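Reviewing the structure listed below.
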Amino acid sequence: MKSEPAAYSINDLLRDKTTCWDGVRNYQARNFMRDQMRLGDGVLFYHSNILIPGIVGEAKVTREGYPDYTAWDPEDRHYDPKTAPDRPTWFMVDIEFVRECRSVITLTQLKEIPGLEKMEVVKRGSRLSVSPVTAEEWKILIHLPQWG
DNA sequence: GCCAACGTTGGC
DNA sequence: GCCAACGTTGGC
């Protein structure tokens, strides 16, 4: 899961322990949260739009897909006037902090590791804020020395 | 700050 | 349903 640290960082998650992943307004990303993420699933927390983008920590899913209520809040930055009150368009999951990397697994490094070529985040022009990680990719990533 | 990539919108 | 215009994302 990608986040701009200026908006919400791994340290924010460390402080909060848990958070709802609200504000996603992209159908593909929504589908992953609504249909594929399951209780206990591992999550890699990625910082985007920063000097050194990359994976900075691990989290896990603590609540499966449910309606993102911010879509109905006119005061919210992600308000979606087209979403009917009784029929949610947007979904989110809850995640919980697991651990922080000792050092960032940088995007540059990710691009050099064999077996990660197909990861969404590694692809050029990738804009999906939520994307799946295969079991093989997870195995490679979770054993990197940056976890400490 | 630039710009490529790409999703969304809206006119036709 | 096409496609140009536009807006957003995000690496650099």
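This one's a predicted model, so the numbers in the text were calculated from it and none came from an experiment. Both backbone and side-chain heavy atoms feed into the values below; hydrogens, waters and symmetry mates do not. Chain letters run A, B, ... following the sequence lines, proteins first, then strands; residues in each count from 1.
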DNA chain C contacts made by residues 106-132 of chain A, counting heavy atoms under 4.0 Å: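 Of all residues in residues 106-132 of chain A, the ones placing a heavy atom under 4.0 Å from DNA chain C are A:Leu107, A:Lys111, A:Ser126, A:Arg127.
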If you take any heavy atom closer than 4.0 Å to DNA chain C, which residues from residues 3-12 of chain A end up in contact? none
5' precedence on DNA chain B between A:Asn49 and A:Gln28 (nearest-nucleotide basis):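 So the residue in question is A:Asn49.
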Do A:Asp94 and A:Thr19 have side-chain heavy atoms sitting under 4.5 Å apart?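 Not in contact.
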Among all residues two or more places apart in sequence or in another chain, which pass the ring-ring contact (aromatic ring centres under 6.0 Å, His included) test with A:Tyr66? none
Pairing residues for [X] by the side chain to side chain contact (heavy atoms under 4.5 Å, CB included) criterion, not counting sequence neighbours:
X: A:Asp16; value: A:Tyr8
X: A:Val133; value: A:Leu44, A:Met119, A:Glu137, A:Trp138, A:Leu141
X: A:Ala6; value: none

Provide the full list of side-chain hydrogen bond (donor to acceptor under 3.5 Å, both in side chains) pairs with a residue in residues 46-57 of chain A, sequence neighbours left out, each pair given once.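 Checked against side-chain hydrogen bond (donor to acceptor under 3.5 Å, both in side chains) - neighbours excluded - the pairs reaching residues 46-57 of chain A are A:Glu4-A:Asn49.
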Would you give me the side-chain donor-acceptor pairs under 3.5 Å for residues 109-116 of chain A, sequence neighbours excluded?
residue: A:Gln109; atom: OE1; partner: A:Thr106; partner atom: N; Å: 3.0
residue: A:Gln109; atom: OE1; partner: A:Thr106; partner atom: OG1; Å: 3.4
residue: A:Gln109; atom: OE1; partner: A:Gln146; partner atom: NE2; Å: 3.0

Taking only N/O atoms, report every protein-nucleotides 8-10 of chain B pair under 3.5 Å with atom names and distance.
residue: B:dT9; atom: OP1; partner: A:Lys82; partner atom: NZ; Å: 2.9

Would you mind listing every salt bridge (charged side-chain N to carboxylate O under 4.0 Å, His left out) that reaches into [range], with sequence neighbours excluded?
range: residues 28-55 of chain A; value: A:Arg38-A:Glu64
range: residues 75-85 of chain A; value: none
range: residues 65-74 of chain A; value: A:Arg25-A:Asp68

